[in-house]
Q: 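There's a structure below that I have some questions on.
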Amino acid sequence: MARYVTHLESAIDGTHLDHNTLQTLHAGRPLWVKYDLDAIKTRVSRDAFATREDSMFRFREMLPVGDEIEPVSLGEGNSPVLHCPRLGEKFGLSNLFVKDESQLPTGSFKSRGLSMAITMARHFGVRNVAIPTAGNAGGATAAYAARAGMNAYVLMPTDTPIVNMMECVWAGAHVYLVDGLINDCGALVKQGKETVGWFDLSTLKEPYRIEGKKTMGLEIALQFAWKLPDVILYPTGGGTGLIGMWKAFNEVREMGWLDSDTMPRMVSVQSDGCCPIARAFDAGERFAEPFENAATSASGLRVPVAVGDFMILDAVRESNGLALAAAESRLIEWQCQATEAEGISICPETAACIG
């Protein structure tokens with residue numbers, strides 16, 4: 001199977017870069033992976049995806065892998081979309097669904113992005129990877145690095161939940177606790193990149209985590225029979241999942257695969273204890289100022305600075321969506337309400353979307 005990647009493209013200014021070499025940022029900002037969508041449409045029918053393996057790699061033509069690149073996989077993808085009638089009734093909604101990413105191998109949607117990032121890092125000869133994390137990304141990095149036979153270095157704030165720390169240790173990662181927030185961890189990863197030589201897997205600082213995360217959007221299109229939902233709410237830290245889904249929806253629309261002209265309104269949701277994206281949206285800004293004194297029980301949302309801030313805000317505005325801040329004081333209440341109503345294990349990050 002051929003690879004259909006044509007080039008990498010700077011998200012900030014459109015500069016084209018070579019996709020056959022290891023790339024990180026351009027002008028300090030993320031890169032898009034671009035494809036020959038006409039060739040993909042000629043090569044594969046959208047209906048073929050439903051007959052393939054229950055894995056995100058069923059969408060190989062739309063990913064940066066081909067037969068020559070072996071995925072680093074633990075069986076990620078194909079998470080269920082669960083109808084939630086009792087929870088929906090609380091809000092006057094008859095068609096409320098939850099895509100339950102907790103059923104992925106490392107317990108969250110981070111499996112998708114890190115599977116793809118580690119796959120491509122190994123392809124380009126990387127042996128040592130490092131990541132700053134406030135939660136699940138560290139565990140996913142450790143697991144996929146172990147699967148690939150690579151060394152992982154995970155830097156996390158000292159108040160990161162102990163379960164997130166231990167899952168990294170159990171997978172053999174080198175774990176370092178930092179007295180600060182995820183951006184402080186990121187600064188140390190950058191130093192290590194320059195002095196130790198490890199590869200930086202930070203959110204959006206390499207181009208392939210987006211491609212893994214976009215498979216959420218491809219699966220949603222497949223699961224809803226190529227008619228997309230009206231609204232998608234996404235708990236937003238670094239925002240890679242929201243950016244990736246919007247990218248997927250635009251790609252399948254460009255190929256004429258959608259059976260409806262309606263595109264989802266993308267809604268970014270944060271806690272008011274750390275809401276730089278919501279604040280920038282309200283102010284009409286494209287870039288978000290760092291959020292001072294960030295504090296939230298939803299550790300995955302405690303991202304005071306996002307390198308892809310403008311990509312999140314662009315997607316929200318292009319989709320006629322919103323960026324909202326939920327009340328930190330009510331996250332646990334909403335978490336309990338959702339789980340009691342439907343039996344789905346809801347994390348505090350998802351609870352922000354319930355509110």
Side-chain angles (χ1 to χ4, degrees), residues 98-102 106-114 131-141 155-165 178 180-186 202-204 209 213 216 232-245 266-282 288-313 315-316 321-339 344-355:
V98 170
K99 187 161 175 62
D100 187 4
E101 292 282 281
S102 70
T106 64
S108 83
F109 73 124
K110 301 291 185 180
S111 295
R112 298 178 187 272
L114 273 306
I131 193 167
T133 179
N136 293 319
T141 297
L155 286 77
M156 49 179 47
T158 55
D159 59 354
T160 299
I162 187 66
V163 65
N164 296 120
M165 298 179 188
V178 177
L181 301 177
I182 190 171
N183 51 307
D184 300 305
C185 298
S202 300
T203 300
L204 293 173
R209 280 175 73 178
K213 297 286 186 65
M216 286 191 295
I232 293 178
L233 293 95
Y234 181 82
T236 304
T240 318
L242 186 149
I243 295 165
M245 284 190 289
M266 305 300 290
V267 179
S268 165
V269 186
Q270 300 182 304
S271 161
D272 61 12
C274 182
C275 56
I277 301 302
R279 191 169 61 182
F281 179 82
D282 288 342
E289 293 294 323
F291 195 91
E292 299 295 333
N293 303 314
T296 171
S297 60
S299 58
L301 303 185
R302 196 174 63 173
V303 181
V305 181
V307 69
D309 53 358
F310 68 104
M311 300 164 81
I312 302 168
L313 288 159
V316 167
L322 297 167
L324 305 174
E328 172 67 24
S329 62
R330 300 189 65 188
L331 293 187
I332 303 303
E333 172 193 343
W334 292 326
Q335 183 179 6
C336 293
Q337 278 188 12
T339 303
I344 303 172
S345 180
I346 299 291
C347 61
E349 290 81 357
T350 302
C353 295
I354 303 300

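Heads up: numbering here begins at 1 and tracks the sequence.
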Q: In chain order, what residues pass the salt bridge (Lys or Arg N to Asp or Glu O under 4.0 Å) check against Glu328, with sequence neighbours excluded?
A: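 Salt bridge (Lys or Arg N to Asp or Glu O under 4.0 Å) list for Glu328, sorted by chain: empty.
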
Q: Locate the shortest heavy-atom distance separating Ala326 from Ala352; write the atom from each residue and the value.
A: CB-O, 3.6 Å

Q: With rounding to the nearest 0.5 angstrom, report the CD to SG distance, Gln270 to Cys353.
A: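 It comes to 10.5 Å.
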
Q: If only atom types and distance count, is the side chain of Thr339 paired as donor or acceptor with the main-chain N or O of Cys336 below 3.5 Å?
A: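 No, because the side chain of Thr339 does not come within donor-acceptor range (under 3.5 Å) of the backbone of Cys336.
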
Q: Set out, in order, the CA-CA distance, both residues' side-chain angles and the distance that settles side chain to side chain contact (heavy atoms under 4.5 Å, CB included) for Val307 and Thr203, then state yes or no.
A: CA-CA 8 Å; Val307 69; Thr203 300; 5.7 Å; no

Q: So, using side chain to side chain donor-acceptor pair (under 3.5 Å) as the criterion, who are the partners of Asp100 when residues are at least two apart?
A: Ser102, Gln103

Q: What is the distance from atom CZ of Arg330 to atom CD of Gln337, rounded to the nearest 0.5 Å?
A: 7.0 Å

Q: Find the distance between CE (Met266) and CD1 (Ile243) and round it off to the nearest 0.5 Å.
A: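 Output value for this atom pair is 10.0 Å.
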
Q: Quick one: closest heavy-atom pair of Ala134 and Pro161, and the distance?
A: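 Minimum heavy-atom contact is O-CD, 4.3 Å.
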
Q: For a side chain to side chain contact (heavy atoms under 4.5 Å, CB included) check, start with the C-alpha distance between Lys110 and Glu101, then their side-chain angles and the critical distance, and finish with the verdict.
A: CA-CA 9 Å; Lys110 301 291 185 180; Glu101 292 282 281; over 6 Å; no

Q: Looking at every heavy atom in both Pro290 and Val305, which two are closest together, and how far apart are they?
A: CB-CG2, 3.6 Å

Q: Indicate yes or no: at least one non-hydrogen side-chain atom of Val316 is less than 4.5 angstrom from one of Ile277.
A: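 Val316 vs Ile277: side chains apart.
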
Q: Would you name the heavy atoms of Tyr234 and Met245 that are closest together and state the gap between them?
A: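 Answer, listing the atom of Tyr234 first, then Met245: CD1-CE, 3.7 Å.
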
Q: Has the side chain of Asp282 got a donor or acceptor atom that lies under 3.5 Å from a matching backbone atom of Arg279?
A: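 Between the backbone of Arg279 and the side chain of Asp282 there is no qualifying donor-acceptor contact (under 3.5 Å).
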
Q: Just grab all the salt bridge (Lys or Arg N to Asp or Glu O under 4.0 Å) pairs involving residues 344-355, residues at least two apart or on different chains.
A: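 Listed by first then second residue: nothing to list.
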
Q: Answer yes or no: is there a side-chain heavy-atom contact under 4.5 Å between Ile182 and Arg302?
A: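 Ile182 does not reach Arg302 side chain to side chain.
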
Q: Kindly compute the distance separating CH2 (Trp334) from CD1 (Ile354), expressed to the nearest 0.5 Å.
A: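 These two atoms lie 10.0 Å from each other.
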
Q: Side chain to side chain contact (heavy atoms under 4.5 Å, CB included), that's the test. Do Thr133 and Thr141 meet it? Break it down for me.
A: CA-CA 10 Å; Thr133 179; Thr141 297; over 6 Å; no

Q: Supply the atom-to-atom distance Leu204 CG to Lys213 NZ, rounded to the nearest 0.5 angstrom.
A: 8.0 Å

Q: Could you report the tightest heavy-atom contact between Gly238 and Val303, atom names first, then the distance?
A: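 So the minimum-distance heavy-atom pair works out to N-CG2, 3.9 Å.
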
Q: Closest heavy-atom contact between Ser299 and Gly135?
A: OG-CA, 4.5 Å

Q: Using side chain to side chain contact (heavy atoms under 4.5 Å, CB included), reason through Thr106 and Asn136 one step at a time and then give a plain yes or no.
A: CA-CA 8 Å; Thr106 64; Asn136 293 319; over 6 Å; no

Q: Taking the side chain as every heavy atom from C-beta outward, state whether Pro304 and Pro276 have any pair of such atoms under 4.5 Å apart.
A: no

Q: Rounded to the nearest 0.5 Å, how far does OG of Ser297 lie from CD1 of Ile332?
A: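 Answer rounded to 0.5 Å: 4.5 Å.
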
Q: Hey, is CD on Glu289 packed in by over 12 heavy atoms from elsewhere, all under 6.0 Å?
A: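 No - once you tally the heavy atoms of other residues, nucleotides and ligands closer than 6.0 Å, there are 12 at most.
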
